[in-house]
Amino acid sequence: MSFTPVASRWSDVWLVTAARGISSCGDFLAASALTLALQSAGAGGLAVSGLLMAATLPLVVLAPLTGRLADRVDSRTLLVVAGLAQSGVSLALAYTGHPALVIVLVGLLAAGLAVTQPVLAALVPAMVRSEDLPRASALHQTAGTLGALAGPALAGVLVGSFGTRIPLLVDAASYLVLVAAGLLIRTRRGGARPAPAAGGTPAVAWRLRRDPLLLATVTGVAGVIAAVGAINVVEVFFIRETLGSSTTMYGLVTGSWTLGVLVGAWIFARAVARFGQDGALARAGLAMLGGCCLMVLAAAAVPTALLIVPIFLVGGAFNGGNNVFGNVLMARRVPETARGRAFAIYGGAVQGATMVGYLTGGLLLELLDPRPLVAAAGLAGLVAVAVLLVPLSRAARAERTARLPERAARAAVAAVEPAVGPRPAREPDAGLATPAPGR
């Protein structure tokens, strides 16, 4: 893997942070506004799940293509073109009333997101040194979380006061910030090809299936999300109908989860350094998902929507920890020239699993009440964590065993070196202070 060798470019990190936060706010503002409009118009679970699937399917289907674009096309070009296209689509969406056309436009918005997500995710590790990556990743997650936090709450206020057009116009303006950031960010990537290995032989191309630990991690995250993902469709009916709450309370409850993600990202970013082995980091990420599922299960027992707020704060904190652990693990194990494709595959797997949850939630809402469905989603997620922990632990153990001969060889070399003779003393580096222990 490759990080910025000399110094981290924090100005670029902050530009990415601002672009991610504002565009994410626009995304969630539009999605929440359209969801509330459907629910208020009397639409059922299938209609809501259909809208959410239209916003998700392009992220899954286009992942192989957009990942390669992120690695082979200049990042500035992709951000500017995709941002302008998304702004135009959102503007058209604000003046469209036909349901079929709305779904098509939502799908086009998601196609643009399928391009910008891996571009931004792959840019962050290229901006910073390896030791700064957890902090930069936390900033990146913070931006998305603040956008997701503000979007639904703002939608609840704007939809209740002005309808759906104003939120969609705000969404169109948010993508112009993404265009400006693409023009201002100095760090650029894309267009690179795998460097030749020693002797002129082309380097082996990265493949997810050749990394059992990373494959088990991606599969585990996707499996848990598929099991618990029905909550994304069910929660609006659970909060608005079962618990009899307002659109403002709905925004507060959903925002509490994203606020927890923000807090959790910073708490667990400090813990990354404690996981020297990638296998331990992967298992910790799966444990974070187990905590999310446990909080969903607890939310099914509350009598009022206000009590869900502290529960979702804790669940969101676990979610934030999993996000940071996953991003750091991906940057550690994937070569720089393939990170766009890797993040696209990871995002596609997550979104595909989310889509399964949307479909399941929409179908089950036609048969069952929201409260038992919330409980079933949390329980299914916990079962998935228990099942998927087995292959992930097996992959981590296999990797640790495979490294034992290498460690033994290093120990043998270290034991022989004193017999060869003392190494010549090295002159101290001028101007460089000795790092303090533990930094």
Got a sec, which pairs hit side-chain hydrogen bond (donor to acceptor under 3.5 Å, both in side chains) with one end in residues 12-21, sequence neighbours left out?
Asp12-Thr187, Arg20-His140
At what distance, to the nearest 0.5 angstrom, does CG of Leu178 lie from CD1 of Ile22?
10.0 Å
Please list all pairs meeting ring pair (Phe, Tyr, Trp, His ring centres under 6.0 Å) that have one or both residues in residues 50-69, counting only residues at least two apart or in different chains.
none
Can you name the ring-ring contact (aromatic ring centres under 6.0 Å, His included) partners of Phe312, sequence neighbours left out?
Trp257
List for me each residue that meets side-chain hydrogen bond (donor to acceptor under 3.5 Å, both in side chains) alongside Asn322, sequence neighbours excluded, and say none if there are none.
none
Residues forming a side chain to side chain contact (heavy atoms under 4.5 Å, CB included) with Val228, sequence neighbours excluded:
Cys293, Val296, Ala377
Test item: Met249 and Leu306 side chains (from C-beta on) under 4.5 Å apart, heavy atoms
yes
Side-chain heavy atoms of Met330 within contact of Leu214, under 4.5 Å
yes
If you measure from CD1 on Ile231 to SG on Cys292, what distance do you get to the nearest 0.5 Å?
12.0 Å
For the backbone of Gly229 and the side chain of Asn232, can you confirm whether one donor and one acceptor N or O come within less than 3.5 Å of each other?
yes
Taking the side chain as C-beta and beyond, is there a heavy-atom pair between Leu243 and Ile308 under 4.5 Å?
yes
Who passes side-chain hydrogen bond (donor to acceptor under 3.5 Å, both in side chains) against Arg186, sequence neighbours left out?
Ser11
Using 4.0 Å as the upper bound for N to carboxylate O, is an ion pair formed by Asp71 and Arg189?
yes
